[in-house]
> 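Let me give you the structure first, and then I'll get to my questions.
Convention: sequence-line order gives letters A, B, ...; per-chain numbering from 1.
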There are 2 protein chains.
Amino acid sequence: MSDDRWVPPTVLLAVDLVIFTLRESRLHVLLIQRGIEPYQGALALPGGFLSHEREDLVTAAHRELAEEAGLGLDQLHLEQLGIYGLPDRDPRGRVVSAAYLAIAPRLPEPVAGTDASQACWTPVAQALSGDAQLAFDHEQILTDGVERAREKLERSALATAFCGPTFTIVELQDVYEAVWGVRLDPRNFYRKVQSVDGFIVPAGTSRKTEGGRPARLFRPGPRTTLHPPMTRPHGQADKETA
Amino acid sequence: MSDDRWVPPTVLLAVDLVIFTLRESRLHVLLIQRGIEPYQGALALPGGFLSHEREDLVTAAHRELAEEAGLGLDQLHLEQLGIYGLPDRDPRGRVVSAAYLAIAPRLPEPVAGTDASQACWTPVAQALSGDAQLAFDHEQILTDGVERAREKLERSALATAFCGPTFTIVELQDVYEAVWGVRLDPRNFYRKVQSVDGFIVPAGTSRKTEGGRPARLFRPGPRTTLHPPMTRPHGQADKETA
DNA sequence: GAAATAGTGTCTGTCAGACAGTATAGG
DNA sequence: CCTATACTGTCTGACAGACACTATTTC
């Protein structure tokens, strides 16, 4: 600040995505296998550099979402997660990454890998088990993403973003159980989720289930923040669903 | 990604700080009056560019904290707030800012302005009233900082960072009332804050107060996350303390 | 003693957690 | 009928909110 002709350093800006979805009642994250160095062949979060100097960060996140996951903007939650800028996180030089958290509804196909690299949904428990070494500091970013999702399920209506346009209460409960890693009582969950005003609204019809009474369908309500919040069982226990 | 010789664009990376403290039972933020263009003369959050290409973001935040506010690392909370990167937020070009939230304990002197610009503690209510136009998108950053602080008071022991090494329960209540903008019942607050295990621990002695029974002193406890959380009065009402 | 601030006891409505019981489907 | 799933009613312990009351200081 004291030199007259001092010029601040420039950095490369990347956008990385933590994209969550629910598959078979388990939380999955989209990972790609890197086709180029560095970390060629390793698993990594989808992402990339800004396409041009005037591209907005959110726009870049949406672009990557479309390019690497084939996901459009419909029924998709996207929020900023944080910035990761340790000097040595990328061997190519000073790369600072803006991480975004995205929630995708259940998708029938395993995602059409449109990009050069192969994209696949991976159970989060497996991605963080240490067996699969993630590129760069993506394990840290993924860990932060999980924690963010857990917190937001308490105070926001984010859980509905995991579901399709309509869903049953049991499906919504599946989301909470998978993300929090706990078991919830269906009866109490039913009462609780209905009592929060504006969280979910009836969608009229009902849906078949395999041998049993059909469940009523609901749509996401107008509320985005939940009062009172959903309460996560004490001690944020990470017990897997048996 | 398809061109062979494509080179990603570079950006300038800045670090901006939202530094909160409590003065006269009101939440204050540190603002500086800009000495140079752009926005010369306007109020802004303290901050600046990375000093060199290999500087870590947190290190840069600490450096700015020392340069512009004269604050060391002792008894100081610092956490990442978010990244602000709209293409037109800075007329000098593509500048992306990593915002950090800092909490400083009560300071006797109004901060020694060590930098070229004048630094002053400003009530947050005044800074956001619209009368004082803040530079760049700093009003947005400040708004996000206030919301973040409010949320973190619920689930973390962040409130103690506003106090000195020892404090009374009433002083802690002052923090909650100022940040949340509500009135709390002293008796219930007393019980509640004591019942949360590891939040605050007795510091042995007590402290004089103007005409009344001396209050016991406490120190921050080992707990950083609060279970159960402090409950903010319903509807996050923003009623100012009368 | 009065005044002021610190800290305690107790009641009450609300709600999370537990779980018995009812409803509606397919076999 | 039985089984499986969806949904309802009710009890109970814990706790937030309200507030009367006691304790310890200065004047």
> Between atom CD1 in A:Ile169 and atom P in C:dA23, what is the gap in whole Å?
19 Å

> Between the side chains of B:Glu67 and B:Arg63, is the shortest nitrogen-to-carboxylate-oxygen separation below 4.0 Å, so that they form an ion pair?
yes

> Going by number, which of residues 189-202 of chain B have a non-hydrogen atom under 4.0 Å from DNA chain D?
B:Arg191, B:Lys192

> Would you call B:Arg155-A:Glu151 a salt bridge at under 4.0 Å N-O?
no

> Measuring from the side chain of B:Arg187 (C-beta onward, heavy atoms only), which nucleotide among C:dT24, D:dC7, C:dT8 has the closest atom?
C:dT8

> Starting at the 5' end of DNA chain C, which residue's closest nucleotide do you reach first, A:Asn188 or A:Gly212?
A:Asn188

> DNA chain D: B:Thr231 or B:Asp185, which has the more 5' nearest nucleotide?
B:Thr231

> How many Å lie between NE2 on B:His227 and C1' on D:dC15, as a whole number?
17 Å

> Please work out if A:Arg216 contacts a base, only the sugar-phosphate, or nothing of the nucleic acid, heavy-atom cut-off 4.0 Å.
sugar-phosphate

> Counting N and O atoms only, with roles assigned by atom type, does the side chain of A:Glu68 sit under 3.5 Å from a partner on the main chain of A:Gly47, one being a donor and the other an acceptor?
yes

> Just the rounded figure in Å: distance from P of C:dC15 to CE of A:Met230.
13 Å

> Report the distance from atom CZ of B:Arg232 to atom P of D:dC15, rounded to the nearest whole Å.
22 Å

> Rounded to whole angstrom units, what separation is found between the CZ atom of B:Arg213 and the P atom of D:dT25?
8 Å

> Would you list the pairs meeting ring-ring contact (aromatic ring centres under 6.0 Å, His included) in which at least one residue belongs to residues 137-175 of chain A, sequence neighbours left out?
A:Phe136-A:His138

> Could you state the CG-P distance from A:Asp174 to D:dT5, rounded to the nearest angstrom?
12 Å

> For side-chain hydrogen bond (donor to acceptor under 3.5 Å, both in side chains), just list the numbers for B:Asp144 and B:Tyr84, CA-CA rounded to whole Å, side-chain angles, deciding distance to a tenth of an Å, and then say yes or no.
CA-CA 11 Å; B:Asp144 293 348; B:Tyr84 296 82; 2.5 Å; yes

> Using atom types as modelled and distance alone, determine if a side-chain donor or acceptor of B:Tyr176 lies under 3.5 Å from a backbone N or O of B:Leu153.
yes

> Expressed in angstrom and rounded to an integer, what is the separation of A:Phe167 atom CZ from D:dA6 atom P?
15 Å

> Do side-chain atoms of A:Arg148 reach the backbone of A:Gln80 as a donor and acceptor pair under 3.5 angstrom?
yes

> Expressed as a whole number of angstroms, how long is the span from A:Phe218:CZ to D:dC7:C1'?
10 Å

